[in-house]
2 protein chains.
Amino acid sequence: MPRGNCQGQGWWHGKFRDCGYRLTIGREAILDILSRSEGHLSAEDIYIKVHPKYPNVGLTTIYRTLDVLSNLGMVYKLDFGDGRARYELAEGPKGAHHHHHLVCTGCNSVIDYTDFIDEEVELLQQTEKGLGKKYNFKINNHVIQFYGLCGKCSVNK
Amino acid sequence: MPRGNCQGQGWWHGKFRDCGYRLTIGREAILDILSRSEGHLSAEDIYIKVHPKYPNVGLTTIYRTLDVLSNLGMVYKLDFGDGRARYELAEGPKGAHHHHHLVCTGCNSVIDYTDFIDEEVELLQQTEKGLGKKYNFKINNHVIQFYGLCGKCSVNK
DNA sequence: AGAATTAATGAAAATCATTTCCATTTATAA
DNA sequence: TTATAAATGGAAATGATTTTCATTAATTCT
């Protein structure tokens, strides 16, 4: 198993190598899919998208790669409460597509929102700094999610 | 199955009845444990705590009850990324013990923090209002979590 | 380039939290 | 107290994720 604490803020190709991981076909395929698809993909979603082009990349590899990517901070692993993890490319808290989530507990649909993000991110950064110092924590990720009922679901209930 | 949209902001005993649920021994035992224990309990944790006093309350009932409580908004279901859900009593976003979480991705330990909560909650409330209007969403819960490495884990890696 | 080394892989099996099924019990309403 | 519908438990099913292990591929060393 490759060596430890590689959670800096770079960008891929190089990041892998720097951390002692090998850049393989499968891993590139997965990164490719992730960067091409907007959204929140489950491991199986990714498998299905990768499979046509690379039929010999197994689901196990998808899981293993997502785990690596997640540890490297290149991917966010998300939980929307439906029992399967979702993954999306991280682009750094200041990155172009940073967003938070609005999750409907009725139909499990998810809205990405970018409104209010600036204020949120600013506050989060202060908070991160304060918490990091106080609790001696090296924070490298955060999750903000709102749960509720979407228009459709709040009518149907 | 009892009827629908019972996600108001009251407090238990009564809340159950009002929503058409029956208040049974098992359910009370679970609420009792939840209100007595500070922390983030898994379904099994709760089972183990309930079992000595009420050996005939099964794990299935724990899950079912937690699901009900969660739908009623009386309990938060949390995910700290270790593959099992954790539950804690909700006391309303303005309640006495409201806190957010700092999760160590190394050892899965969790710190509850209350610093910055006021600012966070204030911002979240504005955001909730704005998002609710814009996306026609009835928001009734939020999650803020920071992920990182605790002091110990960032040394060991 | 070729051999040696070690990480990465796939397929199948194992794991493990959570759900479902169903016959029985219990809480509530009549 | 009886009728009815919800709640229960235990066993079995489910389904996402991990582990195992023999094989393959990427890197390193000559």
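Quick caveat, the model's predicted, so the values are computed rather than measured.
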Output the rounded distance in Å from [atom1] ([X]) to [atom2] ([N]).
X     : N      : atom1 : atom2 : result
B:I62 : D:dT8  : CD1   : C1'   : 12 Å
B:R27 : C:dT26 : CZ    : P     : 15 Å
A:Y47 : C:dA11 : OH    : C1'   : 10 Å
B:N71 : C:dT19 : CG    : P     : 11 Å
A:F16 : C:dA7  : CZ    : P     : 15 Å

Taking N or O atoms only and anything under 3.5 Å, show me the protein contacts with nucleotides 17-23 of chain D, one pair per line.
{"residue": "D:dT17", "atom": "OP1", "partner": "A:A85", "partner atom": "N", "Å": "2.8"}
{"residue": "D:dT17", "atom": "OP2", "partner": "A:Y63", "partner atom": "OH", "Å": "2.5"}
{"residue": "D:dT17", "atom": "O5'", "partner": "A:Y63", "partner atom": "OH", "Å": "3.3"}

Flag the pair A:K49 and A:D45 as a salt bridge only when some basic side-chain nitrogen lies within less than 4.0 angstrom of an acidic carboxylate oxygen.
no
Do the side chains of B:D115 and A:K134 get close enough for a salt bridge, i.e. N-O under 4.0 angstrom?
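Looking at B:D115 and A:K134, the cut-off is met.
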If only atom types and distance count, is the side chain of [X] paired as donor or acceptor with the main-chain N or O of [Y] below 3.5 Å?
X      : Y      : answer
A:S35  : A:D32  : yes
B:S154 : B:G151 : yes
B:R27  : B:R22  : yes

Interface polar pairs with nucleotides 27-30 of chain C, N/O, under 3.5 angstrom:
{"residue": "C:dA27", "atom": "N3", "partner": "B:R22", "partner atom": "NH1", "Å": "3.2"}

Ring centroids only, cut at 6.0 angstrom: are B:H101 and B:F80 within range, meaning strictly under it?
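For B:H101 and B:F80, the ring centres are under 6.0 Å apart.
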With clusters defined by side-chain heavy atoms of hydrophobic residues (ILVMFWY) lying less than 4.5 Å apart, directly or transitively, does A:I117 cluster with B:I144?
no
